[in-house]
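In what follows, chains are A, B, ... by sequence order, proteins preceding strands, each numbered from 1.
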There are 2 protein chains.
Amino acid sequence: MTDVLEHTAALEQMVREMIDAVADRWTMLVLEALEEHGEVRFTRLAELVGGVSQKMLTKTLRQMERDGLVVRTVHPVIPPHVEYRLTDMGLSLSEAFCGVWQWVEAHQERVQVAREEFDARPKVMVAAK
Amino acid sequence: MTDVLEHTAALEQMVREMIDAVADRWTMLVLEALEEHGEVRFTRLAELVGGVSQKMLTKTLRQMERDGLVVRTVHPVIPPHVEYRLTDMGLSLSEAFCGVWQWVEAHQERVQVAREEFDARPKVMVAAK
DNA sequence: TTCTGTACTTACCAAATGGAAACCTTGAAA
DNA sequence: TTTCAAGGTTTCCATTTGGTAAGTACAGAA
């Protein structure tokens, strides 16, 4: 019993950790870029993602590499030549996100409308009798 | 042409905004809790989500309400009685996230292994000749 | 008359986030 | 011999994030 509780607690913690890692702005955008373009170099990836600083791109890629989502291939030449591509796991994650991307594309207008309505609404509301 | 570019830029911005809003730790957990439990009161929701502060729960719920993902129903009694439930849009988003949840559950072990391997790996690696 | 329950709101504060920009490495080209 | 390239790393710094704790509102119970 205690084992089960501890196990579910540990799993729960792992799930949250993974959500934090995976449901990240730059991670999602890198995932998408790599899915679309296959193997890509660092600078090119920065262009594809757009608006990302070197620091954040490096950090994001390292994290993804650690989690087994991308492979980093260093060609020991000068100037450096480094390529990134998705692993099978990375690819499957990007497929799992497909539904979310589609949702965002399909609902962005409705969200925009909802926001405008909310902002236009008086601040104090009570349920009608 | 300029119109098209501007339009895609605006859409791109909206997509990022929505990713930021939607791919949020607490948002995802609230979404899941409300999908599982239907209409729920504030304090109960805090229990279901677990580990969330009042401040963050309020903030998250307000954001979700603004985006049209949840409905907030205030019953004007004392002490206050407030219920939250998903809208159709909220429900469809939680369904869109289904794939991600499944991915996380299915791959957490592999991710853990990948991390251990990465951490055990020497720091400097070059592509083999 | 003080206490309780519920759903906040606010003030305060420490920690984390993340951008900008400078610096680094090394071989080759100008 | 200065410059450049690619892919970082590091430092500095402002902003954001988010937790804790206290305050608020108000009717009914004790």
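- Using a 4.5 Å heavy-atom cutoff, the side chains of A/E17 and B/R115 are in contact.
- Scanning residues 38-63 of chain B for heavy-atom distances under 4.0 Å to DNA chain C yields B/R41, B/F42, B/T43, B/Q54, B/K55, B/T58, B/R62.
- A donor-acceptor pair under 3.5 Å is formed between the side chain of B/T87 and the backbone N or O of B/G68.
- The side chain of A/I78 has D/dA5 as its nearest neighbour among D/dA5, C/dA7, D/dG7.
- Straight-line distance from the CZ atom of B/R25 to the C1' atom of C/dT17: 15 Å, rounded to whole Å.
- Considering only side-chain N and O atoms, A/Y84 lies under 4.0 angstrom from the phosphate OP1 or OP2 of D/dG8.
- Aromatic ring orientation, B/H81 versus B/H75: perpendicular (interplanar angle above 60°, classes split at 30° and 60°).
- The separation between A/E65 atom CD and D/dG7 atom P is 15 Å, rounded to whole Å.
- Rounding to whole angstrom units, CG of residue A/D20 and P of C/dA16 are separated by 14 Å.
- Taking atom CZ of residue B/R72 and atom P of nucleotide C/dT6, one finds them 16 Å apart after rounding to whole Å.
- Of the inter-residue distances, the one linking B/H37 atom NE2 with B/E32 atom CD reads 9.5 Å to the nearest 0.5 angstrom.
- A/Y84 and A/F42 have tilted rings, their planes meeting at an angle from 30° to 60° on a 0 to 90° scale.
- Under the 4.0 Å criterion applied to side-chain N and carboxylate O atoms, B/E117 and B/R121 are not assigned as salt-bridge partners.
- Distance, B/H81 NE2 to D/dA27 C1': 16 Å, rounded to whole Å.
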